[in-house]
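For reference, the structure discussed in these notes is given below.
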Amino acid sequence: MTTTQIDMLNARYGIPGALAFEGFHGAFVMARIRNEHATAEICLHGAHVMAYQPHGQAPVLWMSAHSKFEANAPIRGGIPICWPWFGKHPQDPDCMPFHGFARLADWSVCATRALADGSTQLDLQLPASAPLIAMWPEPWELRLQVTVGKTLRVALTMCNSGDVVATHATALHTYFTVGDVTAVRVLGLEGCRYLDTLTTPPAMKTQAGAVTVGEEVDRAYVDTEATCTIEDPSMGRRIRIAKEGSRSTVVWNPWIAKSARMPDFGDTEYPGMICVETVNTATDVRVVAPGATHCIAATISVEPLT
Ligand code: BG6
């Protein structure tokens, strides 16, 4: 995007003292938000929330120091939007991008708002360009609303604008900053069934107690609408993830060997992050009738661990 285009975005959608658009990493553009509650950065590439930090807190979202910022690559960290499929494409895993195309595409700004409670809101839309239609021919509209305040709320709404039912999977693939993942407990999933994707073949298991990480973890918990909390004694805080429109949750940490295999993930970064993802996957893929919408949302907040 050129400087003139960024100036035009600021003239139309900037909120003096709260939201401004700026270029970074060459052609990338972000909305930088600073209000009475928090700061945040949202990249238009992928509608990617890259940072959220309530005043007086450490960063809530984790970002790899090795993330690529390239047109056809996802950003490693923050909140990638996986849509309209999660993981491998169900029919064409070799040619279609892993986790769908929404995180690889450039989104447009639709609206910005300063809310009465001091929060700042940004609405983005994914334009249905020819390359995306080639990958997903059924007509759709996709919007992301990000609300930055005392909490961070991210809401993705899909409208089926075609005339046949549409099936899609989604993830708000959220990377959280933790002090030491081996000391973290994720609560809210006790007793839930999950698909362990690391066994061959993937096996259904039942979660006993809190989720802890002492090796690679890659699990899709099903039939759960529960709020999850990440208890992080090293950072002395609890991160709460409440969700709407989601009956599945993915927990992921790549651990040592997978970190080494990923070119955009530092070999020693895995102890500082955990993904707790608000998703529609496995038994929770969504079938949307013509003209209907489906909204999946996560509300993230932080409190001291007492
Ligand atoms: C998780 C998957 O949601 O995303 C993992 O469960 C995957 O299997 C991870 O490795 C990261 O995916 P990507 O495409 O961003 O490297």
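Both ligands and their constituent atoms are indexed starting at 1 by order of listing. Computed over heavy atoms, backbone and side chain alike; hydrogens, waters and symmetry mates excluded.
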Below 4.0 Å from any atom of ligand 1, is there a heavy atom belonging to F86? yes
If you measure from each heavy atom of R103 to ligand 1, is any distance below 4.0 Å? yes
What is the nearest protein non-hydrogen atom to [atom], stated with its residue, atom name and distance?
atom                    : result
atom 11 (C) of ligand 1 : W252 CH2, 3.6 Å
atom 13 (P) of ligand 1 : R76 NH1, 3.6 Å
atom 4 (O) of ligand 1  : H173 NE2, 2.7 Å
atom 10 (O) of ligand 1 : K258 NZ, 2.7 Å
atom 12 (O) of ligand 1 : H99 NE2, 3.5 Å

So, are R185 and D232 salt-bridged, with charged N and O less than 4.0 Å apart? no
Number the atoms of ligand 1 from 1 as they appear, then name those within less than 4.0 Å of a heavy atom of E277, with their elements. 1 (C), 3 (O)
Check each atom of ligand 1 against the heavy atoms of F98 and keep those under 4.0 Å away; list them by number with element. 12 (O), 14 (O)
Once the angle between the rings of [X] and [Y] is folded into 0 to 90°, is it parallel (under 30°), tilted (30 to 60°) or perpendicular (over 60°)?
X    : Y    : value
F69  : F28  : perpendicular
F86  : H173 : tilted
F101 : W85  : perpendicular
Y175 : W252 : perpendicular

Should the pair R219 and Y194 be classed as cation-pi, given the thresholds of under 6.0 Å to the six-membered ring centre and 45° from the axis? yes
Kindly indicate whether the side chain of L187, heavy atoms from C-beta on, has any atom under 4.5 Å from the side chain of E231. yes
For atom 6 (O) of ligand 1, which candidate among V251, N253, D218 provides the closest heavy atom? D218
